[in-house]
Amino acid sequence: TLDLRGASSLTAAGLLHLFPLPHLRSARLDSCLSLLSPGLAAFSRSPHLQELSLASCRELGDGSLAHLSRCAALASLSLENCRRVTDAGVAHLSSLASLTALDLSLCDLITDASIRSLARLPLADLSLGWCRGITDEGVSALSLQPGRGAALARLCLARCSLTPGAASGVARLRSLLALDVSGCALLGPRFLAAVTPSLPDLAELDVSRVPGALRRPFPPHLGLRGLRCEFSELEDAHLAALDAPNLRQIGLGSCPVTDAGLARLCAGASKLEVVDLADTEVGDAGLASLAGLNNLSELSLFYCDVTSRGLRHLAGMRSLTSLNLDSRDVTDAGVAALADLPLKSLDVFSGRITDHGCRTIASIESLESLELCGGGVTDVGVRWLCHLSNLTSLNIGQNERVTDAAVGALADGPRLVGLNLSNTRASSACFPDMLRITTLESLAMYGCRGIDKESVKQLETGLPNLRCVRVHDTEREVNYFLGDEPGQEEEEEGGGGESEEEAAVEGEDSDDDEELSVVDFEPGEGGMEYDLDTDSDDNFDDM
């Protein structure tokens, strides 16, 4: 196994120094931003290579795939976000007779011609998400390839240029277990009505951002286990018609679902384990319906009309490990109802939680991730949170009565990996204590005083695991990068403190597909971002 993810200074010459590796079976080189096509010639001398991930290696082009065509044993290949790859490059893969999994998502230069190049491959898993050159014609060609209808199990066509005419092609892929057509806004209700009767084994379906996708009834007793339909205009009546007793996961974010619709869903899908109700019309009464879901482990009530009174219905949910309660109407009284739950993740981002509530939360010993940004927490509350020995990620930004003293307490507390102190009264004066949190990988201090490039260097030197520091420049909001790409900067609008889900509710994902440098920034957070080690794009999701 070879794992060099995030080695953004790695070049072709460096990679070639490692080879030959005759026993190599798996290699991950995601986000190796300096790697050019000649470096992949090294893999032609690894005859047993079965799995290769090159996601976000954005300098790789068609020539790199010519080298990979010699890897006869290759079974899984990810070229996600390799945006220089074209149809000519994909044609080089046609000789990989063992390839069963291929990810070409965000390779936005490819067209239907690439699908024709895949005709002889025994693909079971194919991702073409965000490839807008893929049309109904390409889907039809895919479905008519020899053996494809019996072998292809997973297909992602998210944001492709599809119309209801794609239904005939998808319906021929009778072995599909998972289908993602999210963001294909033109599909409408006729698409699923035409497709689902022909897909008896379909278990996972994503129709997010497909308006009206579920307006026509599904076949009875559908075998779905996972359904995502955020922003699809799904209403109570559509839920009432959904016959999916084996459903385990459902995403209803930003759909006009009410308490009545939720009650009907829970009555017919009692095995639910993951429920996302973000930005729906569900309120306190709807939570009573959830109380009967004995297997529920993850629940999002973000932007719902839920108050502390409604949280009493969750008190007996012994399987609940993740809960998002981002609502100003959640107070210390509501948190008290959660004290006996086995929660690992709790997000009360804007809830009116005070130090008293922190004392209650401190009794939830299983907590690993916590967000409390409602402004009511002080240093006293932070000291209570230090009793959470399993806590690794803490966001207490926006609490203006949290000071440098809180950092001193945290330094003697849990082994934090991620910490957000944005818009608190913490300053660079807390850095001597910060240096004692040796496990820290990500730190956000937007809007905090006295922090400049030199003080960040102090943290970089003293904290061996630190990868990213996000701070605020009083003159302008800008992201600076250190280490592998010195001097690079990118201006950014907005202020710190907005969560990922808040940005999603404000508006749908941009269709512009902008390329972000080194790391993907949280929406709405301005400031300087010092990227100390570009190890991975996904290290900072919790922050």
Inset, instruction - Using the ring pair (Phe, Tyr, Trp, His ring centres under 6.0 Å) rule, take Phe43 and Phe19 through it: C-alpha gap first, then chi angles, then the decisive distance, then the call. - result: CA-CA 8 Å; Phe43 291 113; Phe19 287 81; 5.2 Å; yes
Legend entry - Test: Glu235 and Arg215 ion pair at under 4.0 Å: no
Legend entry - Backbone of Arg28 reached by a side-chain donor or acceptor of Ser53 within 3.5 Å: no
Legend entry - Under 3.5 Å: donor-acceptor pair, side chain of Ser78, backbone of Leu54: no
Legend entry - Distance-only donor-acceptor check, side chains Thr111 and Asp87, under 3.5 Å: yes
Legend entry - Identified side-chain contact (heavy atoms from CB on, under 4.5 Å) partner of Leu247 from the options Val275, Leu224, Val274: Leu224
Inset, instruction - Drop me the distance from Leu123's CG to Leu118's CG, to the nearest 0.5 angstrom. - result: 6.0 Å
Legend entry - Cys32 backbone acceptor or donor facing Asp30 side chain under 3.5 Å: no
Inset, instruction - Flag the pair Asp112 / Val139 as yes when at least one side-chain heavy-atom distance between them is below 4.5 Å, and no otherwise. - result: no
Inset, instruction - If a pair satisfies side chain to side chain donor-acceptor pair (under 3.5 Å) and one of its residues is in residues 193-205, list it, with sequence neighbours excluded. - result: Arg154-Glu204
Legend entry - Point-to-point distance, once rounded to the nearest 0.5 Å, from CG of Leu299 to OG1 of Thr321: 10.5 Å
Inset, instruction - Check whether any side-chain N or O of Ser300 sits under 3.5 Å from a backbone N or O of Asp276 as a donor-acceptor pair, and report yes or no. - result: no
Legend entry - Side-chain heavy-atom pair Arg216, Leu192 within 4.5 angstrom cut-off: no
Legend entry - Qualifying side chain to side chain donor-acceptor pair (under 3.5 Å) pairs, either residue in residues 165-186, two or more places apart: Ser140-Arg172, Ser143-Arg172, Asp180-Ser182
Legend entry - Donor-acceptor pair, side chain of Asp3 and main chain of Arg5, under 3.5 angstrom: yes
Inset, instruction - Enter the distance from Leu74:CG to His48:NE2 here, rounded to the nearest 0.5 Å. - result: 14.0 Å
Legend entry - N/O donor-acceptor pair under 3.5 Å between Arg84 side chain and Arg58 backbone: yes
Inset, instruction - Using the side chain to side chain donor-acceptor pair (under 3.5 Å) rule, collect all pairs that involve residues 13-26, keeping only residues at least two apart or in two chains. - result: Ser26-Glu51
Legend entry - Pairs meeting criterion salt bridge (charged side-chain N to carboxylate O under 4.0 Å, His left out) with involvement of residues 217-228, two or more places apart: Arg228-Glu230
Inset, instruction - Working to the nearest 0.5 Å, report the span between CG of Leu157 and CG of Leu162. - result: 5.5 Å
Listed pairs under 3.5 Å, donor-acceptor, residues 90-101 side chains, sequence neighbours left out:
| residue | atom | partner | partner atom | Å |
| --- | --- | --- | --- | --- |
| Ser94 | OG | Ala91 | O | 2.9 |
| Ser95 | OG | Ser69 | O | 3.3 |
| Ser98 | OG | Ala72 | O | 3.3 |
| Thr100 | OG1 | Ala75 | O | 3.2 |

Legend entry - Side-chain donor or acceptor of Asp62 paired with backbone N/O of Thr86 under 3.5 Å: yes
Inset, instruction - Examine distances only and state if a side-chain atom of Ser46 and a backbone atom of Leu24 form a donor-acceptor pair shorter than 3.5 Å. - result: no
Legend entry - Between CG on residue Leu15 and CG on residue Leu4, distance to nearest 0.5 Å: 7.0 Å
Inset, instruction - Quick one: closest heavy-atom pair of Val85 and Leu109, and the distance? - result: O-CB, 3.5 Å
Inset, instruction - Examine distances only and state if a side-chain atom of Thr439 and a backbone atom of Leu416 form a donor-acceptor pair shorter than 3.5 Å. - result: yes
Inset, instruction - Assess the side chains of Arg467 and Asn465: does a donor N or O sit below 3.5 Å from an acceptor N or O? - result: no
Legend entry - Side-chain (Thr163) to main-chain (Gly165) donor-acceptor, under 3.5 angstrom: yes
Legend entry - Beyond-backbone contact of Thr11 with Leu35, side-chain heavy atoms, under 4.5 angstrom: no
Legend entry - Rounded distance (nearest 0.5 Å) linking atom CG of Leu36 with atom OG of Ser64: 10.0 Å
Inset, instruction - Check whether any side-chain heavy atom of Pro189 lies under 4.5 Å from a side-chain heavy atom of Leu214, and answer yes or no. - result: no
Legend entry - Note, Leu272 side chain near Gln249 side chain (heavy atom, < 4.5 Å): no
Legend entry - Partner set under ring pair (Phe, Tyr, Trp, His ring centres under 6.0 Å) for Phe191, not counting sequence neighbours: none
